[in-house]
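Okay, so here's the structure we're looking at.
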Amino acid sequence: MGAFIETAFTALSWKDPIWASLDWLVADKFDEVLADLKSQRTQEQRTGITTGWICGDQLDDETQWTGFLIRVSSVCKSGGFGKRTKNAIMATFSEFRSNILEHAGETKGAIAAFHLGEKGLEIVVADQGRGALASMRNSKKFRNLDDAGRALKLIVTDGVSRYDNPERGHGFTHLFQGLANRFNHIRLRSGDHALEVFRPHGETPLERISQKAEISGLLVYAFFNTDL
């Protein structure tokens with residue numbers, strides 16, 4: 001699911017209307033996800049399914065969001081994840097949903113989704129808002145920042161925020177610290193860069209920043225192995 005949604009968001013950032021329409025993208029088992037992403041109208045889902053999502057039309061609705069989290073909790077239980085890992089997954093969704101509502105400046109085009117497969121659980125939160133670089137530039141300290149990769153690194157650095165308040169900017173860092181021993185792969189993508197953290201075979205996490213095709217907003221992907 002992560003690669004599928006990232007491909008869709010990359011296409012949506014391109015200027016060519018043929019690509020931006022997403023009609024060319026073969027969704028297979030994610031065809032309903034694609035339909036909702038295009039229409040931004042979240043269709044009804046049931047607790048207990050292995051794939052769930054919520055789009056921008058319901059992202060700021062507390063009742064709908066609570067229902068989504070109930071589905072997340074259910075899939076974590078059916079996937080055999082322990083309480084700590086489940087709480088970390090729930091916190092990841094909540095933190096990045098908060099980021100969309102507070103920093104992205106745009107809920108239209110956003111999506112939060114999960115998919116439980118044979119190897120583990122994938123979660124994705126993505127928006128088409130201003131992105132990490134533009135958001136960080138709102139701070140006087142970072143108003144001359146011109147590198148999306150550096151911006152991605154900054155948003156997961158303790159105490160760094162687009163606000164000039166020293167009390168702000170701890171959410172992402174604490175979240176990543178809590179996830180350190182639970183995920184196998186986390187990927188953040190914004191602008192023309194991606195920041196990835198791998199934890200191969202349960203070893204010490206490894207970080208990589210690389211340049212990519214430019215996308216709008218911020219995309220966050222995480223994969224949790226069922227063996228954890």
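Please read all numbers here as calculations on a predicted model, not as lab measurements.
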Just to verify, what does Phe30 make a ring pair (Phe, Tyr, Trp, His ring centres under 6.0 Å) with, not counting sequence neighbours? Phe4, His115
Minimal non-hydrogen separation, Ala213 against Thr10, with atom names: CB-CG2, 4.3 Å
Does Val26 share a hydrophobic cluster with Val33, counting links as ILVMFWY side-chain heavy atoms below 4.5 Å and allowing steps through other members? no
Side chains of Gln40 and Asp57 only: does a donor on one sit below 3.5 Å from an acceptor on the other? no
Flag, side chain of Glu122 to backbone of Met1, donor-acceptor distance under 3.5 Å: yes
Shortest non-hydrogen contact between Gln128 and Gly109, atoms and distance: NE2-O, 3.3 Å
Within this structure, what is the CZ-CZ distance for the pair Phe114 and Phe93, rounded to the nearest 0.5 Å? 7.0 Å
Verify the neighbour count for atom NZ of Lys153: are there more than 12 heavy atoms of other residues, nucleotides or ligands below 6.0 Å? no
Do Arg97 and Glu62 pass the salt bridge (Lys or Arg N to Asp or Glu O under 4.0 Å) test, and can you show the C-alpha distance, the side-chain angles, and the key distance before you say yes or no? CA-CA 11 Å; Arg97 180 239 188 179; Glu62 293 298 333; 3.2 Å; yes
What distance separates Leu145 CG from Asn138 CG, expressed to the nearest 0.5 Å? 11.5 Å
Ignoring hydrogens, what is the shortest heavy-atom contact between Ser190 and Leu218? Give both atom names and the distance. CB-CD1, 3.9 Å
CG-NZ distance between Leu34 and Lys29, expressed to the nearest 0.5 angstrom: 14.5 Å
Might you point out which heavy atoms bring Leu22 and Ala8 nearest each other, and give the distance in Å? CD2-O, 3.6 Å
Here the gap from Arg71 atom CZ to Trp53 atom CH2, rounded to the nearest 0.5 Å, amounts to 8.5 Å
Just do the side-chain contact (heavy atoms from CB on, under 4.5 Å) check on Phe142 and Arg150 with the steps written out, would you? CA-CA 11 Å; Phe142 301 109; Arg150 176 62 177 159; 5.6 Å; no
Between Tyr221, Phe96, Phe224, which is the residue that forms a side-chain contact (heavy atoms from CB on, under 4.5 Å) with Ile123? Phe224
When rounded to the nearest 0.5 Å, the distance separating CD1 of Ile54 from CD of Gln64 is 6.0 Å
Taking atom CG of Leu133 and atom CG of Asp192, what is their separation to the nearest 0.5 Å? 8.5 Å
For Lys212, the option from Arg189, Glu6, His193 that meets side-chain contact (heavy atoms from CB on, under 4.5 Å): Arg189
Step by step, would you call Cys76 with Leu121 a side-chain contact (heavy atoms from CB on, under 4.5 Å)? CA-CA 8 Å; Cys76 286; Leu121 178 66; 4.1 Å; yes
Donor-acceptor pair, side chain of Ser98 and main chain of Ser94, under 3.5 angstrom: no
Decide side-chain contact (heavy atoms from CB on, under 4.5 Å) for Ser73 and Met90; before the verdict, give the C-alpha distance in whole Å, the side-chain angles of both, and the deciding distance to 0.1 Å. CA-CA 8 Å; Ser73 178; Met90 302 279 275; 4.2 Å; yes
Minimum heavy-atom separation for Ile100 to Ala110, with atom names? CD1-CB, 4.1 Å
Please tell me whether Ile111 and Leu101 are part of a single hydrophobic cluster in this structure, the criterion being side-chain heavy atoms less than 4.5 Å apart. no
As a quick check of understanding, evaluate side-chain contact (heavy atoms from CB on, under 4.5 Å) for His185 and Glu196, giving each step before the final call. CA-CA 7 Å; His185 179 201; Glu196 297 178 273; 3.0 Å; yes
Between Leu195 and Ile155, is there a side-chain heavy-atom distance shorter than 4.5 Å? no
Do you know which two heavy atoms are closest between Ser78 and Val75, and how far apart they sit? OG-O, 3.0 Å
Do Val220 and Asn99 make a side-chain contact, defined as non-hydrogen atoms from C-beta onward lying under 4.5 Å apart? no
